[in-house]
*Asks:* 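I'd like to ask some things about the structure below.
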2 protein chains.
Amino acid sequence: MANQSSRLDQVFAALADPTRRAIVMRLCAGEASVGELADPFDMALPSFMKHIHVLETSGLVQSEKSGRVRTCRLSPDALLGAEDWFQQQRAIWEARLDRFEAYVMKLKKEKEQAAAKRPSRTTKKKGS
Amino acid sequence: MANQSSRLDQVFAALADPTRRAIVMRLCAGEASVGELADPFDMALPSFMKHIHVLETSGLVQSEKSGRVRTCRLSPDALLGAEDWFQQQRAIWEARLDRFEAYVMKLKKEKEQAAAKRPSRTTKKKGS
DNA sequence: TGATTGGTTAGCCATAAAGCTAACTATACA
DNA sequence: TGTATAGTTAGCTTTATGGCTAACCAATCA
């Protein structure tokens with residue numbers, strides 16, 4: 001029934017295509033008509049329009065038509081939303097690295113203390 | 001012939017699926033076996049393994065098998081690569097905003113100067 | 001008014017994606 | 001040695017994606 005697919009799903013899916021990434025990059029530099037956007041691509045217009053539509057339903061791009069020309073512009077919110085996702089993951093990842101480092105330091109310290117007590121067992125496993 | 005699809009394509013495509021994002025999030029907290037990863041999902045193992053494989057060919061995840069259990073870990077490089085892409089776009093976008101702001105300021109200044117010369121035309125268009 | 005331009009709709013096709021079941025391999029445990 | 005566990009392979013189905021052509025509006029321009 002439902003086309004249950006989150007905003008992030010749509011944004012990442014939109015950005016998974018090189019044509020669409022190129023469009024986004026182009027629009028970062030300023031708004032443009034469909035024709036201008038399509039020009040560099042060796043692709044039939046209807047195919048190209050599908051990409052525009054994907055970008056639009058993902059929320060990355062907005063457009064409006066005046067006269068017979070449709071002007072597209074970037075809507076940076078969706079882009080920032082996706083960027084946030086990365087930063088959250090990185091925060092978790094880095095926290096984990098910190099914990100890992102703390103763990104390694106603890107191991108190291110224990111090992112040093114053990115070595116201080118029994119100075120001859122430094123390289124051996126199974127000392128018990 | 002060639003399966004010409006860039007690393008960024010693959011990373012974004014991998015992240016476009018909520019199951020795979022969840023796996024990445026889980027792996028941010030530390031490595032895990034396929035079984036542990038699959039547990040929260042109501043999905044047959046072969047289907048789940050496909051997701052792992054997608055993540056692996058995208059470079060986001062690495063895994064190795066010891067005995068009969070395969071352990072997966074995040075490889076943060078690909079994640080950082082994608083994050084970079086956003087930051088580059090944002091840099092372009094912000095530079096453009098700066099230029100736009102400069103342009104608006106210039107317009108404003110010109111308008112003020114025009115108003116100083118002909119004080120009664122402030123709201124009208126087509127003054128020529 | 002008639003032709004051009006800019007975009008849109010409709011519909012087709014090939015391939016890829018995401019899920020399933022069934023059957024199999026190989027390690028580990030009893 | 002036999003059984004349970006952890007993945008894996010093979011093969012099937014349904015739906016989504018990315019491309020095309022052909023035909024069709026609706027503004028502009030001559």
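Each chain gets a letter, A, B and so on, in the order the sequences are listed, and its residues count up from 1. A quick note: this is a predicted structure, and the numbers were derived from the prediction, not measured.
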*Asks:* Checking R68(B) now: which residues fulfil side chain to side chain contact (heavy atoms under 4.5 Å, CB included) with it, not counting sequence neighbours?
*Replies:* none
*Asks:* Can any side-chain N or O of S58(B) pair as donor or acceptor with the backbone N or O of Q10(B) at less than 3.5 Å?
*Replies:* no
*Asks:* State, to 0.1 Å, how close G81(A) and L8(A) come at their nearest heavy-atom pair, and which atoms those are.
*Replies:* O-CD2, 4.4 Å
*Asks:* Kindly give the heavy-atom pair with the smallest separation between S33(B) and E36(B), and that separation in Å.
*Replies:* N-OE1, 2.9 Å
*Asks:* If I take atom CG in residue L55(A) and atom P in nucleotide dG18(D), what distance separates them, rounded to the nearest angstrom?
*Replies:*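 Value for this atom pair: 10 Å.
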*Asks:* Hydrophobic clustering (ILVMFWY, side-chain heavy atoms < 4.5 Å, transitive) - are I52(A) and F12(A) grouped together?
*Replies:*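 Result: yes, single cluster for both.
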*Asks:* Quick check on contacts: within residues 61-68 of chain A, what sits under 4.0 Å from DNA chain C by heavy-atom distance?
*Replies:* K65(A), R68(A)
*Asks:* Within residues 37-51 of chain A, which residues have any heavy atom lying less than 4.0 Å from an atom of DNA chain D?
*Replies:*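 The answer is M43(A), A44(A), P46(A), S47(A), K50(A), H51(A).
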*Asks:* Rounded to the nearest 0.5 Å, what separation is found between the CZ atom of R96(A) and the CD atom of E94(A)?
*Replies:*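 Between R96(A) CZ and E94(A) CD, I get 12.0 Å after rounding to 0.5 Å.
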*Asks:* Do V11(A) and V54(A) share a hydrophobic cluster, counting only Ile, Leu, Val, Met, Phe, Trp and Tyr and linking them when any side-chain heavy atoms are less than 4.5 Å apart?
*Replies:*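 Unlinked, V11(A) and V54(A) end up in two clusters.
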*Asks:* Roughly how many Å is it from NE2 in H53(A) to P in dA16(D), rounded to a whole number?
*Replies:* 15 Å
*Asks:* D9(B) has an atom CG; how far is it from atom P of dG18(D), in whole Å?
*Replies:* 10 Å
*Asks:* Quick one: R70(A) CZ to dT5(C) C1', roughly how many Å, whole number?
*Replies:* 16 Å
*Asks:* At a heavy-atom distance below 4.0 Å, what parts of residues 11-34 of chain B sit against DNA chain D?
*Replies:* S33(B), V34(B)
*Asks:* So do R90(A) and L79(B) actually touch side chain to side chain, heavy atoms under 4.5 Å?
*Replies:*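 Of all side-chain heavy-atom pairs linking R90(A) with L79(B), none is under 4.5 Å.
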*Asks:* Is L80(B) linked to L60(B) within one hydrophobic cluster, defined over Ile, Leu, Val, Met, Phe, Trp and Tyr using a side-chain heavy-atom separation of less than 4.5 Å?
*Replies:*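 No, because L80(B) and L60(B) fall into different hydrophobic clusters, even though each may have its own neighbours under 4.5 Å.
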*Asks:* Please work out which of the three classes, parallel, tilted or perpendicular, describes the rings of F86(B) and F86(A), given edges at 30° and 60°.
*Replies:* tilted
*Asks:* Bend across the helix from dT1(C)-dA30(D) to dA30(C)-dT1(D), to 10°, with axes taken over 5 pairs at each end?
*Replies:*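 Answer rounded to 10°: the end axes differ by 20°.
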*Asks:* What heavy-atom pair brings V34(B) and F48(B) nearest, and what distance separates the two atoms?
*Replies:*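 Result for this residue pair: O-CE2, 3.9 Å.
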*Asks:* To the nearest Å, how far apart are E56(B) CD and dG7(D) C1'?
*Replies:*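 After rounding, the reported distance stands at 13 Å.
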*Asks:* Quick one: does L37(B)'s side chain get under 4.5 Å of C72(B)'s, heavy atoms only?
*Replies:*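 Side chain of L37(B) against side chain of C72(B), heavy atoms only: contact under 4.5 Å found.
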*Asks:* Extract all donor-acceptor atom pairs below 3.5 Å that involve side chains of residues 18-31 of chain B and protein atoms in other chains or at least two apart in sequence.
*Replies:*
from   : atom 1 : to     : atom 2 : distance (Å)
T19(B) : OG1    : D17(B) : OD1    : 3.4
R20(B) : NE     : A14(B) : O      : 2.8
R20(B) : NH1    : H51(B) : ND1    : 3.1
R20(B) : NH2    : A13(B) : O      : 3.2
R21(B) : NH1    : D9(A)  : OD1    : 3.1
R21(B) : NH1    : L15(B) : O      : 2.7
R21(B) : NH2    : D9(A)  : OD1    : 2.6
R26(B) : NH2    : G30(B) : O      : 3.3
E31(B) : OE1    : R73(B) : NE     : 3.1
E31(B) : OE1    : R73(B) : NH2    : 3.0

